[in-house]
Student: 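Submitted below is the structure of interest, expressed as C-alpha cells.
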Amino acid sequence: MVKSEVAIVMSTYNGSRYLREQIDSILGQDFKNWDLYIRDDMSSDDTGVILKDYEEKYDNIHVVENNNINLGAKRSFLKLVECVNAKYYMFSDQDDFWLPNKISLTLGAMKSAEKVRPDASIPILVHTNYRIVDSKLAELRTPPASFKNYTDLSSLSINNCITGCTMMINEALKNLIGSVDTESVGMHDWWFGLIANCFGIVKYLPQVTILYRQHEGNVVGANTGMADSGSGSKVKRILRGIKKNLRYYRKEFKYDSITAKQIYYFRKYYSKMLTDNKKKELDVLYEGLIGGPKAGAVLIKKLRPQSRNKEVKWVMYYALITK
C-alpha cells in the first residue's frame, strides 16, 4: 500500500453504533497528512456498509481485505501493521473520539524523541493520557497525569500502562515486530511497549488526546486504579478495588498466566538482540512471577516495579510475597 507519513489503523467488529462519530473525529484532525486503514473482523451489523460509504467518499480511507476471517482485536491490529507502510503508525478503536490535535500533539512528541536519539533504526513509542467518558461522551474521570508515567521494563512487563488507542510507533519499531506467536502476546500495545523499552524509547505525553468511551461492548476497558467505579461510599469502593486488584495479581502471578508467558516468550524471541542486563531483568521477573514468596521478594528488592499508583503497587507487592 502507498506509504504515507502517518498511517492510522483501525480494527472493527460490530461497531456501527459509534463508528461514524469516531471516523468523523479523525477527519476533523488539524494534521491532515494521514491515511486510515480499516480491517473489519467479520461484523454482522452495518459496520461494512458504513466503511464502504466512507471509503467511497474519501481518498485517504481504505478498507483492507479480511479474507473472511475473524482474527480478534490483537491479531487484527498486528495484521494491519504488517500490510501497511508508513513512517509512523497510530491505532484507533472503533468507538472513541479523537480530540482535534491528537495526531499533531503525538507526532510532535515523536519528533522530539527522535532528536534525542537521531538514528532512524531506533524504535520509538509515544503514548498519551485520555479522558474516560460514557457512551454519550460525558466525562466520567481523567486519570492523573502521573497514572501512566513509568517506562522501566519490570513495571511495563507486569502493569501495561500503554493504551493502544493513544499510541504512535515509528517504522523502526514496526520492523522489529516480526511474526510473533499471538497466543504468547498479551495485546499489541503491551508487546510494542516492551520492544520500545528494550531497544529504544518509550515517551509519555500527559496531555489528554482522546475521549475513551466506556460501554458494554468494550474489548478492553479503562483501568480505574484502586477505587472501584461502582456505587457506594469511597471506602467501600476502595475495598472492592483492593479485592479486584488482588484477584488480578493472584491470577497473573502464575506460570500459565499471559503476563508470565509473554515475559518468557519476549526473552526467547529477542534473545539475540537483548543486552545481558535486560536478559537478567527478564529472568528475575519471570522467576518472581512463577516462583514462591521468596522469588517474589527477590523481584521486589531487585527491580521495585511500579504500578498506576502507590496503593495498587502495595497490593501488587503483597500478592508477590503471599503466593
Student: Starting from the C-alpha separation in whole Å, work towards a yes-or-no answer on side-chain contact (heavy atoms from CB on, under 4.5 Å) for Y18 and R213.
Tutor: CA-CA 10 Å; Y18 305 111; R213 197 189 311 250; 3.3 Å; yes
Student: Can you check whether Y13 reaches T47 side chain to side chain, under 4.5 Å on heavy atoms?
Tutor: no
Student: Check the pair N197 / K278 against side chain to side chain donor-acceptor pair (under 3.5 Å), numbers first and verdict last.
Tutor: CA-CA 10 Å; N197 172 277; K278 291 292 186 183; 2.9 Å; yes
Student: Taking the side chain from N309 and the backbone from V312, do they hold a donor-acceptor pair closer than 3.5 Å?
Tutor: yes
Student: With a 4.5 Å limit on heavy-atom distance, are the side chains of T142 and E139 in contact?
Tutor: yes
Student: What I'd like to find out is whether the side chain of F77 reaches to under 4.5 Å of the side chain of M187, using heavy atoms alone.
Tutor: no
Student: Looking only at heavy atoms, which two atoms of E55 and V63 are closest? And how far apart?
Tutor: OE2-N, 3.0 Å
Student: Answer yes or no: does atom NZ of K79 have more than 12 heavy-atom neighbours from other residues, nucleotides or ligands under 6.0 Å?
Tutor: no
Student: Do Y204 and W190 belong together in a cluster built from hydrophobic side chains that touch within less than 4.5 Å?
Tutor: no
Student: State, without any angle test, whether T12 and D40 hold a side-chain donor-acceptor pair at a distance under 3.5 Å.
Tutor: yes
Student: Nearest heavy-atom pair of V126 and A109: which atoms, and what distance?
Tutor: CG1-CB, 3.8 Å
Student: Looking at the rings of Y37 and Y89, which for Trp means the six-membered one, are their centres under 6.0 Å apart?
Tutor: no
Student: Evaluate the criterion side chain to side chain donor-acceptor pair (under 3.5 Å) for residue pair N101 and S104; output intermediate values, then yes/no.
Tutor: CA-CA 5 Å; N101 58 356; S104 57; 5.5 Å; no
Student: Mark yes or no for whether N170, through its side chain, and I122, through its backbone, hold a donor-acceptor pair below 3.5 Å.
Tutor: yes
Student: Would you say that I201 contacts L125 through its side chain, given a criterion of any heavy-atom pair below 4.5 Å between the two side chains?
Tutor: no
Student: Given K203 and M168, is the side-chain contact (heavy atoms from CB on, under 4.5 Å) satisfied, shown in steps?
Tutor: CA-CA 10 Å; K203 184 178 179 64; M168 174 184 280; over 6 Å; no
Student: Do you know which of W98, F97, Y212 makes ring pair (Phe, Tyr, Trp, His ring centres under 6.0 Å) with Y130?
Tutor: Y212
Student: W191 and F266: side-chain contact (heavy atoms from CB on, under 4.5 Å), yes or no, with the steps?
Tutor: CA-CA 8 Å; W191 189 257; F266 188 88; 3.7 Å; yes
Student: As a quick check of understanding, evaluate side-chain contact (heavy atoms from CB on, under 4.5 Å) for L153 and L194, giving each step before the final call.
Tutor: CA-CA 7 Å; L153 179 57; L194 298 181; 3.9 Å; yes
Student: Any side-chain donor paired with an acceptor under 3.5 Å for R308 and N245?
Tutor: yes
Student: With no hydrogens and no angle check, do the side chains of R39 and S11 hold a donor and an acceptor under 3.5 Å apart?
Tutor: no
Student: Would you check if the side chain of K323 reaches a backbone N or O of G296 as a donor-acceptor pair within less than 3.5 Å?
Tutor: no
Student: Do I8 and I103 have side chains that get closer than 4.5 Å, going by heavy atoms?
Tutor: yes
Student: Show, in sequence, the C-alpha distance, side-chain angles and deciding distance for K279 and D283, and conclude whether the salt bridge (charged side-chain N to carboxylate O under 4.0 Å, His left out) test is met.
Tutor: CA-CA 6 Å; K279 288 178 182 178; D283 289 341; over 6 Å; no
Student: Is the side chain of D189 donor-acceptor paired with the backbone N or O of T163 at a distance under 3.5 Å, no angle test?
Tutor: no
Student: State whether the side chain of S271 and the backbone N or O of K268 hold a donor-acceptor pair below 3.5 Å, judged by distance alone.
Tutor: yes
Student: For residues S155 and Y150, report the shortest heavy-atom separation together with the two atoms involved.
Tutor: CB-CD1, 3.4 Å
Student: Closest approach of E281 and L303, non-hydrogen atoms and distance?
Tutor: CG-CD2, 3.6 Å
Student: Do the charged groups of K280 and D276 touch, with an N to O distance under 4.0 Å?
Tutor: no
Student: Hey, are the side chains of I124 and I169 touching, using non-hydrogen atoms and a 4.5 Å cut-off?
Tutor: no
Student: Are more than 12 heavy atoms from other residues, nucleotides or ligands located less than 6.0 Å from atom CG of D59?
Tutor: no
Student: Short question: side chain of N129, backbone of Q207 - any donor-acceptor pair under 3.5 Å?
Tutor: no
Student: Regarding N33 and E5, is there a side-chain donor-to-acceptor distance under 3.5 Å anywhere?
Tutor: yes
Student: Return yes when atom CZ of R20 has more than 12 non-hydrogen atoms of other residues, nucleotides or ligands closer than 6.0 Å, and no otherwise.
Tutor: yes
Student: More than 12 heavy atoms of other residues, nucleotides or ligands under 6.0 Å from NZ of K301: is that the case?
Tutor: no
Student: Salt-bridge test for D41 and R75: reply yes if a basic N is under 4.0 Å from a carboxylate O, no otherwise.
Tutor: no
Student: Please enumerate all residues that pass salt bridge (charged side-chain N to carboxylate O under 4.0 Å, His left out) together with E183, with sequence neighbours excluded.
Tutor: none
Student: Please give me the minimum heavy-atom distance between I177 and Y269, naming the atom from each residue.
Tutor: O-OH, 3.4 Å
Student: Are F31 and L105 connected in a single hydrophobic cluster, I mean Ile/Leu/Val/Met/Phe/Trp/Tyr linked by side-chain heavy atoms less than 4.5 Å apart?
Tutor: no
Student: For the aromatic rings, using the six-membered ring if either is Trp, is the centroid distance between F199 and Y270 under 6.0 Å?
Tutor: yes
Student: With a 3.5 Å distance limit and no angle check, can you tell me whether K254 reaches the backbone of L289 through a side-chain donor-acceptor pair?
Tutor: no
Student: Verify whether one side chain among Q22 and S92 offers a donor that lies under 3.5 Å from an acceptor in the other.
Tutor: yes
Student: Working note: F192 + F91, criterion ring pair (Phe, Tyr, Trp, His ring centres under 6.0 Å); need CA distance, chi angles, decisive distance, verdict.
Tutor: CA-CA 12 Å; F192 297 169; F91 302 79; 5.8 Å; yes
Student: Transitively linked via ILVMFWY side-chain contacts under 4.5 Å: M273 with V202?
Tutor: yes
Student: State whether the number of non-hydrogen atoms from other residues, nucleotides or ligands found under 6.0 Å of Y318 atom OH is greater than 12.
Tutor: no
Student: Could you go through the salt bridge (charged side-chain N to carboxylate O under 4.0 Å, His left out) check for R17 and D95 one step at a time?
Tutor: CA-CA 8 Å; R17 183 177 178 185; D95 50 7; over 6 Å; no
Student: Donor-acceptor pair, distance only, cut-off 3.5 Å: does the side chain of E171 make one with the backbone of N85?
Tutor: no
Student: Distance-only, no hydrogens or angles: does the E65 side chain make a donor-acceptor pair with backbone N or O of N67 under 3.5 Å?
Tutor: yes
Student: Decide yes or no for L156 and I162: does some side-chain heavy atom of the first lie under 4.5 Å from some side-chain heavy atom of the second?
Tutor: yes
Student: Ignoring hydrogens and angles, state whether a donor on the side chain of D24 or Y54 is under 3.5 Å from an acceptor on the partner side chain.
Tutor: yes
Student: Can you see whether D45 engages S16 through a side-chain donor-acceptor pair at a distance of less than 3.5 angstrom?
Tutor: yes
Student: Apply side chain to side chain donor-acceptor pair (under 3.5 Å) to residues D152 and S154 and explain how you reach the verdict.
Tutor: CA-CA 6 Å; D152 61 288; S154 61; 2.8 Å; yes
Student: Could you tell me if the side chain of L299 sits less than 4.5 Å from the side chain of E287, heavy atoms only?
Tutor: no
Student: Can you see whether K313 engages N159 through a side-chain donor-acceptor pair at a distance of less than 3.5 angstrom?
Tutor: no
Student: So which pairs with a foot in residues 255-266 pass side chain to side chain donor-acceptor pair (under 3.5 Å), sequence neighbours left out?
Tutor: E252-T259
Student: To check you understand the geometry: which heavy-atom pair defines the closest contact between I210 and C165, and what is its length?
Tutor: CD1-O, 3.6 Å
